[in-house]
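First comes the structure, then the notes that go with it.
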Amino acid sequence: MSDRNINVEIDGYFAVSPKRDCPHLATALDADLAHYREVNIRSPCQDCDNVGENWVCLICQQVKCSRYVSSHGLAHYSDTNHSLAMSFSDLSVWCHLCDSYLEHDSLDSLLRHFRDLKFGPDVSSLASNLEEMKIEEEPEEAEEESKEKASGFLGTKSIRDLALALKNSEYKKIAIMAGAGISVSAGIPDFRSTASGLYAQLAEYNLSKPELVFEINYFRNSPEVFFKVVKSLVGDFKPTPTHYFFKLLEQKGCLMKIYTQNIDGLEVKAGVSRDKITFAHGHMESSHCSVCKAEYDNALMKTHLENGTVAWCECGAPAKPDVVFFGEALNPEFYSSVQMLREADLLIVCGTSLKVFPFAGLVTQVGEKVPRVMINREASGQSVGMQYDNPKSRDVVFIGDTDEVFAEIARHADWELVCE
Ligand code: CNA
């Protein structure tokens, strides 16, 4: 088998994994960043003026549109044999000769440069920190210090003591990271719960991995599966006690920001102010074509989602709600709001397996002495450095359903949790 065995054929289409040993990279790629400094990532295609999804040739820095627009990038390769190109959309690098996406250390400085252009320097370095995150043991000394500075509830790590700390206004800037688990009691399945999760329901589609349904390249080629399975995520769902607890924190004046991976909008339905929420993985309030990016009528999209039928754009490609798929860049707003995490004095992580990046890496962005509370049916987050077994750690896990744990916290704090 050749070294191109990285591409897996599924239902006639290819799920693409990047190649790590492209022989053309070393000889073709100009390592001098100076040549790329002039490139504007918002440049139109030099042949057709398309301003949507463009690519830059990494050999001569010409900007061309994609095969989903007018294929001027492909034509450029045929004319010049310049085989390496980078997408402005998700900063992926493609080799025409290998017919594959590439991943290689030698691309790091180039990608960092374009990330700076796309998201701004500070945000870019934050993004690269998240990607390059390593798990390191905290030095003993720092842990001791952290324990000394820890407030009441971390001494015993009980729900009651957390509640009393909240009641006594010990925390004024609470950050919340939320996942699909907080909406399960509303009737919306999560992804990874063993029996009830959406991924468990995908067996009949014979996918090599369930995440494919939400991968952008797979969707462009095979949108039917997405529209069939996403039906269970749409409907007239009501917020859960967990969502109302978030609203209560806002009313008490101590909610700094909710970072949610959810696309169901139940935080807003519960009455939390929009400016208190970062929708890290997008939302269902608007829709666009997955290729030409034209806006798609959202009422019509809703009908397609409810009926399980594909929403086709006039250009012939499938349209999708503005949720972020695997392989798509997160909204720049995500990266800018992440900086606020440095000001948080308490982090509550709830209803998430913390398996999706860069979101999972947010737990590392709060100050190193800030307590981190995980509320979930299982203890997740160890892969991003959460430590629950170490009595000196600033981390604590409360295993259980989020609705029940938050109701108990409200009870101990003498707060009335109103679920309308
Ligand atoms: P996940 O990977 O499915 O993990 C969910 C986690 O929640 C698991 O650890 C469960 O054990 C736990 N859990 C389930 N029910 C409860 C409960 N009642 N109380 C406490 N814990 C519970 O989901 P993640 O959010 O970690 O993964 C990120 C994906 C899921 C994001 O990209 C979302 O867009 C996506 N998603 C969102 C929704 C939604 O908007 N409601 C639904 C399904 C998937």
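Ligands are counted one by one from 1 in listed order, and the atoms in each one are counted from 1 as well. No experiment lies behind these values; they were computed from the predicted model shown.
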Protein contact of [atom] - nearest heavy atom, named by residue and atom, plus distance:
atom: atom 18 (N) of ligand 1; answer: Arg377 NH2, 3.4 Å
atom: atom 23 (O) of ligand 1; answer: Ala180 CB, 3.7 Å
atom: atom 12 (C) of ligand 1; answer: Asn376 OD1, 3.3 Å
atom: atom 9 (O) of ligand 1; answer: Glu378 OE2, 2.4 Å
atom: atom 26 (O) of ligand 1; answer: Thr352 OG1, 2.7 Å
atom: atom 40 (O) of ligand 1; answer: Ile263 N, 2.8 Å
atom: atom 13 (N) of ligand 1; answer: Gly181 CA, 3.7 Å
atom: atom 14 (C) of ligand 1; answer: Asp190 OD2, 3.3 Å

Of the side chain and backbone of [X], name the one, both, or neither that has a heavy atom under 4.0 Å from an atom of ligand 1.
X: Leu233; value: side chain
X: Gln261; value: both
X: Val184; value: side chain
X: Cys350; value: neither
X: Ile188; value: side chain

Inset, instruction - Return yes or no for this condition: an N or O of Ser193 is under 3.5 Å from an N or O of ligand 1. - result: no

Can you list the ligand 1 atoms lying under 4.0 Å from a non-hydrogen atom of [X]?
X: Asp264; answer: 39 (C), 40 (O), 41 (N)
X: Thr402; answer: 19 (N), 20 (C)
X: Gly179; answer: 25 (O)

Using the ring centroid of each side chain, check whether [X] and [Y] are separated by less than 6.0 Å.
X: Phe214; Y: Phe219; value: no
X: Tyr259; Y: Phe334; value: no
X: Tyr296; Y: His288; value: no

Inset, instruction - Pick whichever of Ser183, Pro189, Gly187 has a heavy atom sitting closest to atom 42 (C) of ligand 1. - result: Pro189

Inset, instruction - From atom 3 (O) of ligand 1, work out which of Arg192, Glu404, His281 has a heavy atom at the shortest distance. - result: Arg192

Inset, instruction - Before accepting this row, confirm whether a basic side-chain N of the pair Lys302/Glu285 lies closer than 4.0 Å to the acidic partner's carboxylate O. - result: no

Inset, instruction - Output yes when Lys247 and Glu420 qualify as a salt bridge under the 4.0 Å nitrogen-oxygen rule, no when they do not. - result: yes

Heavy-atom contact under 4.0 Å between [X] and ligand 1?
X: Gly197; result: no
X: Leu198; result: no
X: Gly400; result: yes

Inset, instruction - With the side chain counted from C-beta on, respond yes when Ser337 and Lys257 share a heavy-atom pair under 4.5 Å apart, and no when they do not. - result: yes

Legend entry - From Thr242, Asp264, Thr402, residue fulfilling side chain to side chain donor-acceptor pair (under 3.5 Å) relative to Ser183: Asp264

Legend entry - Donor-acceptor contact present, side-chain Asp190 to main-chain Gly181, <3.5 Å: no

Legend entry - Distance, nearest 0.5 Å, that separates NE2 of His96 from OH of Tyr77: 7.0 Å

Inset, instruction - Go through the side-chain N and O atoms of Ser287 and Glu295 and say whether any donor and acceptor fall under 3.5 Å apart. - result: no

Inset, instruction - Scan side-chain atoms only and decide if Asn50 and Asn54 contain a donor-acceptor pair under the 3.5 Å cut-off. - result: yes

Inset, instruction - Classify the angle between the aromatic ring planes of Phe227 and His304 as parallel (below 30°), tilted (30 to 60°) or perpendicular (above 60°). - result: perpendicular

Inset, instruction - Identify which one of Tyr218, Phe326, Phe325, Tyr205 satisfies the ring pair (Phe, Tyr, Trp, His ring centres under 6.0 Å) criterion when paired with Phe226. - result: Phe325

